[in-house]
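Data first, discussion second: the structure below is written as structure tokens.
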Protein chains: 2
Amino acid sequence: MAFDYSGRLERLKDLMGDRGVDVVLLSAGADLSYFTGYEAMASERLTVLVVTIDGEPVLLVPELEAPRLEVGPFEVVAWGETDDPVEIATRQRRFPERVAVGDHMWSAFTIAFQKNWTEAIWVPASTLTRELRMRKDRIEIEELRRAARGVDLVMGRIQDEVRFSGRTERDVARDLSAMTVEVGHDTAEFTIVASGPNGASPHHTPGDRVIERGDIVVCDFGGRWEGYYSDSTRTFCVGEPSVGEAEVHGLVQEANQAGRETVRPGVPCSEIDRAARSVIEAAGYGEYFIHRTGHGIGLEVHEHPYIVKGNDMPLEIGMTFSIEPGVYIPDRFGVRIEDIVACSERGPDTLNAADRSMVRVD
Amino acid sequence: MAFDYSGRLERLKDLMGDRGVDVVLLSAGADLSYFTGYEAMASERLTVLVVTIDGEPVLLVPELEAPRLEVGPFEVVAWGETDDPVEIATRQRRFPERVAVGDHMWSAFTIAFQKNWTEAIWVPASTLTRELRMRKDRIEIEELRRAARGVDLVMGRIQDEVRFSGRTERDVARDLSAMTVEVGHDTAEFTIVASGPNGASPHHTPGDRVIERGDIVVCDFGGRWEGYYSDSTRTFCVGEPSVGEAEVHGLVQEANQAGRETVRPGVPCSEIDRAARSVIEAAGYGEYFIHRTGHGIGLEVHEHPYIVKGNDMPLEIGMTFSIEPGVYIPDRFGVRIEDIVACSERGPDTLNAADRSMVRVD
């Protein structure tokens, strides 16, 4: 997938001018991919794109990784194993006043840069890069839709193909990871299988617990598909749920729908959170919804915009994010239902379509 | 695997005293695991262990991840989705003079900490933590040996079980990743399959190139096994190598052996690099060995000590690292042979044992 990297870099420079930023430093990660197409390896060997307000961007790479690079709208400088890449990078600009550094750049590198540019003010690069990355173009939305459909396919196959009872969470997670790759993802990046009381831990790591008949099981997984992420959650029941469990599931489903239906250009992110949360609060379960309603998604599984109280940024066409309300009852069970939604001119464009009801599994 | 986290934290505090460090901040990653046993998720939600020179360590975690934690020799503080965790963390210490921040902590967090502690001097935490982590105890070496044996098992199965010719690098990489998990690793973390001319790119990403008879193929892979990493490389030939290819392979094998045989307590890291490199240089291939000879390994696949020119740190008993000389001939092929070695009282304890000769595959 070839994007217009020159255009993106030009828009970044425009933003740098607006914000008085002299230098942007982007190391391995999504920002670097977004502006260059290069998927660098994060390691103790620094890869960094140095974008100065008035020069050609320079991509510094470890010499042994230089053969991985394709040409792009930047100069490539390969540094050798006994060179100091930070020293080489700082030669690109003398005495910058304001430096924007990639949010995920390793702090050891930032500290080294700070020793060279002692007078600069440091800001996270996402203050600039999110302005570009948050608004997906049509191609990016179609990439996200393809990944979402992949994970939907897996969700749809679970009832027929995955046995739960008598197996450990880890076993089920392995099946889901394998299927995630099988349907076409390049990698399965995360797989939560949280059964029974473990479901009350939203980020539970699948473990040795043997799943039993009657368990409610939260399955939250996704992967990368040519750079773009999928991320979806459905909550299953091994056999029949109790009345209380079914009630909580219905509530979360309603909250998911309320959140999605609120999506349209101009609505603040916080309002999506409020719409989903108020359904759960009205039913008296507010204290059990212990996380924000969602997160942006694209080249990263979590990115801007965040769908959370306090974020009053208005939605714009092309923003893509999760809506994933949940209820977590300590020592008993949890329920979460998560879809990826794009904000379109007409309102919500929900990229996931798998059955949101509590599907029974064996 | 339960380690003595209290003892490790005590030794960290001793080092903080020696170096005049008031606060150590460790976010998700190997340092945090080493001192607490907690495997946090790296994300925009900050998890951070705050170790102050004179108080009980405090582990800040996002509220939704608090259920994942077990008790340990630290206080746990869960922060909610609308709290500011950096502000909470900085309350643990007023006006620190010197702060050591985890090397991999996201820069966005470090910049936020720097806004709260404006007068502090910032140093990478590895300047302290490597003093502890570099010297593995007997249990850690056995963990690394188990992982190494796992990857050896996969290497040993390749000749009989993996077909190369007519398949893409990506296909072969998938087989190797699947086998890495099958033998017992928790995850396959990286898999390089670099065939023919792609072998000249040391960190090649397996792609669509169809492997042909006569190709030399570098296979470099490993995974995590209960927290500890394996990492090994062997170079295969699809059918028969040419005389020149066999000669280069023999040379690299000799360099690998020379590097390993030089390992003993007191020898500088740079001397291991020199020993391996001089074999390749003497044969006139020095310009084609474009990387350092090795890297430490443990809870991270790359960690201290680095086996590189300029690192004159003497080896000590319990240090574990790779020895992985290579020769990379642009547009033609590459060869690399990598073993993990522990420095023992008696000299090298090579954890990998798979056949180092150029095994023929179909």
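Just so we're on the same page: letters track the sequence lines, and every chain starts at 1.
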Considering only heavy atoms, which portion of A/Y328 lies under 4.5 Å from any heavy atom of chain B: side chain, backbone, both, or neither?
->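 Contact with chain B involves no heavy atom of A/Y328 at all.
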Side chain, backbone, both or neither: which part of A/Q114 has a heavy atom under 4.5 Å from chain B?
->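 Side chain only.
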If you round to the nearest 0.5 Å, how far is [atom2] of [Y] from [atom1] of [X]?
X      : Y      : atom1 : atom2 : value
A/H104 : B/F109 : NE2   : CZ    : 7.5 Å
A/T110 : B/D103 : OG1   : CG    : 11.0 Å
A/T127 : B/I111 : OG1   : CD1   : 8.5 Å
A/D273 : B/T82  : CG    : OG1   : 9.5 Å
A/F289 : B/L64  : CZ    : CG    : 10.5 Å
A/D186 : B/R170 : CG    : CZ    : 6.5 Å

Among the options B/S201, B/P330, B/G80, B/A112, pick out the one with the most heavy-atom pairs lying under 4.5 Å from chain A.
->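 Maximum pair count with chain A is reached by B/S201.
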Sort out for me which of B/F190, B/W122, B/Y306 touches chain A most, counting heavy-atom pairs under 4.5 Å.
->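 Option with the top pair count is B/Y306.
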Could you tell me which of [options] has the largest number of non-hydrogen atom pairs under 4.5 Å with chain B?
options                        : value
A/E63, A/E65, A/K115           : A/E65
A/V123, A/I290, A/T187         : A/I290
A/H295, A/H302, A/R292, A/E300 : A/R292
A/E44, A/E303, A/R68, A/R174   : A/E44

Engaged part of B/A200 at the chain A interface, taking heavy atoms whose separation is under 4.5 Å |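 Backbone only.
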Are any side-chain N or O atoms of A/S107 and backbone N or O atoms of B/M105, one a donor and one an acceptor, separated by less than 3.5 Å?
->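 It does hold such a pair.
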Does A/R332 CZ have over 12 foreign heavy atoms under 6.0 Å away?
->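 Counting other residues, nucleotides and ligands, CZ of A/R332 stays at 12 neighbours or fewer.
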Report the C-alpha distance between A/E81 and B/H291 in whole Å, list the side-chain angles of each, state the deciding distance to 0.1 Å, and finish with yes or no for side-chain hydrogen bond (donor to acceptor under 3.5 Å, both in side chains).
-> CA-CA 6 Å; A/E81 293 280 58; B/H291 57 70; 5.0 Å; no
